[in-house]
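These notes are about the structure you will find just below.
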Amino acid sequence: MLFVGQEFDYVHWGRKLYYNTSYEIDERAEVAVLTRNVVVMGENRPEAVGVPNANFYPHLLFQKGTDTSNPPNEAAAPTIRFCAVEFTLLGTERAMGRYPIHFHLLGDRNVDGNWKKAFVVNCSVHDVFNRGIVVHETQGVRIENNVVYNTVGHAYYFEDPYVARCMVKKNLGLVTHRADVTAPDDPPDACNCIPADTFDGKPSVFYVPNPSNEVEDNVAAGAFFAGFYFEPPNVQQLAVWTPDGPMTFTGNVAHSCGDYPDADPGNGGFGVYQDTVNRLNSNYTQVFEDTLTYKCRWHGMWIRSLGKVEIQDSKFADNRSGLYPATVGDREPGDGYFKISGCVFIGETINKGDYEEWNDYEDNPTVLRSLPQTKFDMTNFDETHEERWDILCGIEMYDGYNEISDCSFLAFQDMQIESLHPQVDPGEPFTPDWRLSGAFCQVSKASAWAVDPRNQISMAPVLFDTTVKRKVYMRNGGADSEQIHNTLVYDVAGQIDPWSGSNDPGYYLPKNPFLVDGNAAAIASADNVLGGESLNGYWVPDAAVAYAQLYVKASPSAGVLPDLMRIRRDPTRSGGTGVTYDCHAIPEQLDLNSSEFAVNLQTSEALPSGKLAYYSFDLFSQGTTAFLPKDITINYYFAEAAGEVLYVELPFANTAQAQVAGSETFVNEFTTLDQFLADSRPNLWYAQGGRVYLKMTSAFGQNTQFDGTEVWARVVLVP
């Protein structure tokens with residue numbers, strides 16, 4: 001029984017929540033005892049040289065000894081055991097290696113599997129100034145049943161990918177802060193201060209670079225940035241990374257993460273976060289199981305990976321967005337796959353939390369609850385988001401490949417709120433004083449990255465409760481938001497078809513005419529239906545359409561790179577019919593001196609006539625100046641079936657000297673364009689009048705689920 005001496009300042013939820021008798025969400029507040037009979041308490045040393053205004057306290061560092069007389073001629077590592085000890089007022093703020101508890105370069109402490117050589121069990125670490133429990137290049141440490149509270153920097157910090165096979169179980173971490181002092185420009189040796197731009201700018205509760213650890217039944221709450229921050233090695237560091245063993249991430253809880261809106265530089269707020277573009281071993285799968293995230297300002301879970309990821313039997317509630325599955329938009333086929341199964345997504349529970357004036361809704365008596373979107377122009381560090389970023393959603397569909405099955409969605413409702421901002425975009429069909437919702441939504445990030453056209457809701461039933469206002473919400477994106485305009489969601493069983501009621505398979509996609517041009521079977525929802533079943537989208541039956549993706553890479557010419565690719569669907573090849581779509585180059589690739597574009601488009605059957613899938617491409621630099629490429633590669637990815645045809649017409653610097661090579665043999669035996677168009681062979685090319693013409697026919701690799709199509713052509717100017 002818990003007794004308190006005064007009234008709480010904030011709401012602390014004290015009971016479980018149930019929905020339809022089938023779904024239990026436990027948002028009860030954690031209670032931790034910080035005091036222990038054995039206390040290790042630091043004393044401030046204000047005379048520290050070179051650390052102005054810093055919290056300069058002692059630290060505990062455990063490393064190998066100096067005696068190397070024993071085989072194998074290496075210093076012995078000590079045995080470190082802490083049980084039921086209280087640690088407080090320790091660590092030097094921003095100083096490298098000056099942490100409250102620090103296992104430093106000790107090697108494998110669990111060779112024999114007994115967990116007795118290095119452990120911290122039933123301890124408390126609180127009110128400390130440089131992280132909490134730190135493990136550096138050490139394996140086999142047992143960290144169990146501890147509480148770490150009120151830290152500067154990460155609470156449980158695994159310093160590098162060599163920290164593996166550790167037991168991290170039943171721990172509680174609460175409240176992390178960014179450092180409020182600046183490291184000296186020229187720190188003395190005694191300080192060795194951490195640079196200001198390191199990852200401690202995003203202090204989280206658990207920081208884990210190597211997933212090959214047992215992370216079970218832990219709770220992370222009140223993180224400035226994320227509850228669980230995974231950061232496997234980046235592809236720039238390692239081409240392929242083989243983990244030390246299986247990943248165990250099960251039974252963990254993360255909640256109430258995210259900084260206040262006036263914090264600099266942004267408004268993070270993630271339950272589980274992994275944004276490293278890691279390329280895991282193809283035989284390795286990251287599995288996140290039985291995870292609960294709630295009341296996180298940004299996403300309950302954001303996971304990015306070029307490997308395989310499974311998210312199973314997890315629950316997401318009261319987050320702005322429950323799940324954000326991401327790969328990377330310039331991936332090759334076979335890279336990146338998310339399987340999301342058995343999960344429950346709840347938009348808003350009856351746990352209203354603390355109603356604060358900085359929510360900007362205090363004048364509306366119908367809200368009276370904490371909301372994750374604290375202001376209309378919230379940022380996530382350096383990212384730019386759409387004006388309607390604040391859509392309450394279960395899954396934010398990103399680049400893919402994402403497969404969703406056997407999931408449930410509940411309590412996604414629109415809410416009338418104080419006006420967040422003026423209606424800047426006249427095309428925006430919604431009044432600004434509504435926070436809208438959808439079980440699924442496109443990503444809010446303004447981006448030119450590619451979206452996998454195979455993103456799908458699979459055959460296993462997905463439940464949409466009657467408390468879900470709309471199954472899919474499609475945003476109106478700005479001019480530079482390819483992710484938003486070019487999103488495809490394939491519904492295998494027709495579960496999100498809001499119009500025909502046929503339950504046939506089909507696509508749900510945004511109001512982008514380019515994706516449905518010439519397709520009479522496309523059904524458009526009505527605009528300006530606030531509170532209606534659907535908003536701003538198309539439903540296209542699967543039998544009436546086939547989609548694929550083109551990924552185009554243009555090399556620089558005379559120091560100039562194209563940044564805009566204008567595409568016209570032109571079935572009559574007249575240059576004046578069909579819908580035009582502007583596809584912007586991926587900015588991150590432009591920074592690397594590579595101009596890359598990705599676009600989803602309709603394909604056609606392998607017929608020599610009636611070229612419905614005929615597309616004319618033009619390239620521009622600075623958005624307006626025509627660009628004639630001398631070297632360009634076109635990748636034909638992710639077609640639905642083998643044998644689907646695309647016709648591509650593009651400008652070229654000198655077609656008389658152009659040559660085409662690729663994954664297939666491209667035939668050029670034509671003297672006229674009509675001959676080229678009438679030929680029934682699969683892969684052809686022709687050059688005439690400053691234009692190059694390609695016919696590309698889809699073909700699959702060994703694994704059709706992951707590989708997609710493997711057809712590419714490179715057009716080069718031969719001197």
Side-chain angles (χ1 to χ4, degrees), residues 23-26 206 208 211-220 226-232 243 246-255 257 269-278 280 284-294 296 298-328 335-347 393-410 412 439-441 443 452 454-463 489 492 705-706:
Y23 307 102
E24 175 188 288
I25 300 292
D26 190 354
F206 294 87
V208 185
S212 300
N213 290 281
E214 299 178 29
V215 184
E216 299 183 31
D217 301 326
N218 302 282
V219 177
F228 296 87
Y229 189 152
F230 284 91
E231 194 169 29
M247 171 185 177
T248 303
F249 188 87
T250 182
N252 297 291
V253 177
H255 68 89
C257 298
F270 304 89
V272 182
Y273 178 88
Q274 176 177 299
D275 193 29
T276 304
V277 187
N278 59 309
L280 297 175
Y284 179 86
T285 301
Q286 282 185 276
V287 180
F288 297 85
E289 184 177 16
D290 189 24
T291 303
L292 169 62
T293 68
Y294 63 91
C296 295
W298 211 260
H299 302 278
M301 183 179 289
W302 165 320
I303 302 294
R304 185 188 302 279
S305 177
L306 282 175
K308 301 174 186 177
V309 178
E310 294 186 6
I311 300 170
Q312 304 172 351
D313 303 319
S314 295
K315 297 175 182 177
F316 307 83
D318 291 313
N319 306 293
R320 202 282 301 169
S321 166
L323 174 62
Y324 184 94
T327 53
V328 61
D335 290 337
Y337 168 66
F338 278 80
K339 184 175 183 180
I340 304 158
S341 62
C343 295
V344 178
F345 298 86
I346 298 178
C393 65
I395 298 179
E396 240 178 302
M397 301 298 290
Y398 201 20
D399 34 17
Y401 171 38
N402 304 312
E403 183 178 345
I404 297 116
S405 64
D406 197 25
C407 293
S408 300
F409 297 84
L410 305 93
F412 287 92
F440 293 92
C441 185
V443 64
D452 196 317
R454 300 169 300 167
N455 284 343
Q456 66 175 266
I457 301 172
S458 62
M459 289 296 292
V462 173
L463 170 67
V489 181
V492 178
Q705 181 183 23
F706 298 112

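These values consider heavy atoms only, across backbone and side chains, with no hydrogens, waters or symmetry-generated copies. This is a predicted model, so every value here is computed, not measured.
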Determine whether a donor-acceptor pair (N or O, by modelled atom type, separation under 3.5 Å) exists between the side chain of Asp318 and the backbone of Tyr294. no
Do the non-hydrogen side-chain atoms of Val309 and Thr285 ever get within less than 4.5 Å of each other? no
Student check: side-chain heavy atoms of Val272 and Ile303 closer than 4.5 Å: yes
The reported gap from CD1 in Ile340 to CE in Met301 (rounded to nearest 0.5 angstrom) is 10.0 Å
Cys441 and Cys393 have their tightest heavy-atom pair at CB-CB, 3.9 Å
Side chain Ser314, main chain Gln312, donor-acceptor under 3.5 Å: yes
Check: Asn252 main-chain N/O paired with Asp217 side-chain donor or acceptor under 3.5 Å: no
Using the ring-ring contact (aromatic ring centres under 6.0 Å, His included) definition, which of the options Trp302, Phe270, Phe206 pairs with Phe228? Phe206
Which atom of Pro325 lies closest to which atom of Tyr398, heavy atoms considered: O-CB, 3.1 Å
What's the verdict on side chain to side chain contact (heavy atoms under 4.5 Å, CB included) for Glu289 and Met247, showing C-alpha distance, side-chain angles and the deciding distance? CA-CA 11 Å; Glu289 184 177 16; Met247 171 185 177; over 6 Å; no
The reported gap from CD1 in Ile25 to CG in Leu292 (rounded to nearest 0.5 angstrom) is 6.0 Å
Closest heavy-atom pair and its distance - Cys296, His255: SG-CA, 4.1 Å
To check you understand the geometry: which heavy-atom pair defines the closest contact between Pro211 and Pro232, and what is its length? CG-CG, 4.0 Å
Is there a side-chain contact between His299 and Asn319 in this structure, where contact means two heavy atoms from C-beta onward sitting under 4.5 Å apart? no
Ile404 and Met397: CA distance, side-chain angles, deciding distance, side chain to side chain contact (heavy atoms under 4.5 Å, CB included) verdict: CA-CA 10 Å; Ile404 297 116; Met397 301 298 290; 4.0 Å; yes
Working to the nearest 0.5 angstrom, can you tell me the gap between Leu463 CG and Asp406 CG? 9.5 Å
Would you check if the side chain of Asn213 reaches a backbone N or O of Val215 as a donor-acceptor pair within less than 3.5 Å? no
Determine whether the side chains of Glu216 and Thr250 contain a donor N or O and an acceptor N or O closer than 3.5 Å. no
So that I know where these two stand, are Phe230 and Tyr273 an aromatic pair - ring centroids less than 6.0 Å apart? no
Quick one: do the Gln456 and Tyr401 side chains pair a donor with an acceptor below 3.5 Å? yes
Can you tell me how far the CG atom of Asp290 sits from the CG atom of Asp313, to the nearest 0.5 Å? 7.0 Å
After noting the C-alpha distance and the side-chain angles of Tyr324 and Val443, does the key distance pass the side chain to side chain contact (heavy atoms under 4.5 Å, CB included) rule? CA-CA 8 Å; Tyr324 184 94; Val443 64; 3.2 Å; yes
Quick one: does Val287's side chain get under 4.5 Å of Phe249's, heavy atoms only? no
Is any side-chain heavy atom of Asp399 closer than 4.5 Å to one of Asp452? no
Is the distance between the ring centroids of Phe412 and Phe345 under 6.0 Å? no
Closest approach of Cys343 to Ile311 (non-hydrogen atoms, all atoms of both residues): SG-O, 3.7 Å
Exactly one of Glu403, Glu310, Lys308 should register a side-chain hydrogen bond (donor to acceptor under 3.5 Å, both in side chains) with Tyr337. Which one does? Glu403
Shortest non-hydrogen contact from Ser305 to Gly307? OG-N, 2.8 Å
Out of curiosity, Phe338 CZ to Ile395 CD1, how far, rounded to the nearest 0.5 Å? 11.0 Å
Is Val462 close to Phe409 at the side-chain level, that is, under 4.5 Å between some pair of heavy atoms? yes
Side-chain heavy-atom pair Gln286, Gln274 within 4.5 angstrom cut-off: yes
Is the shortest distance from a Lys or Arg side-chain nitrogen in Glu231 or Arg304 to a carboxylate oxygen in the other one below 4.0 Å? no
Is Thr327 reaching over with its side chain to a backbone N or O of Leu306, donor-acceptor style, under 3.5 angstrom? no
Got a second to check how far Lys315's NZ is from Asp26's CG, nearest 0.5 Å? 8.5 Å
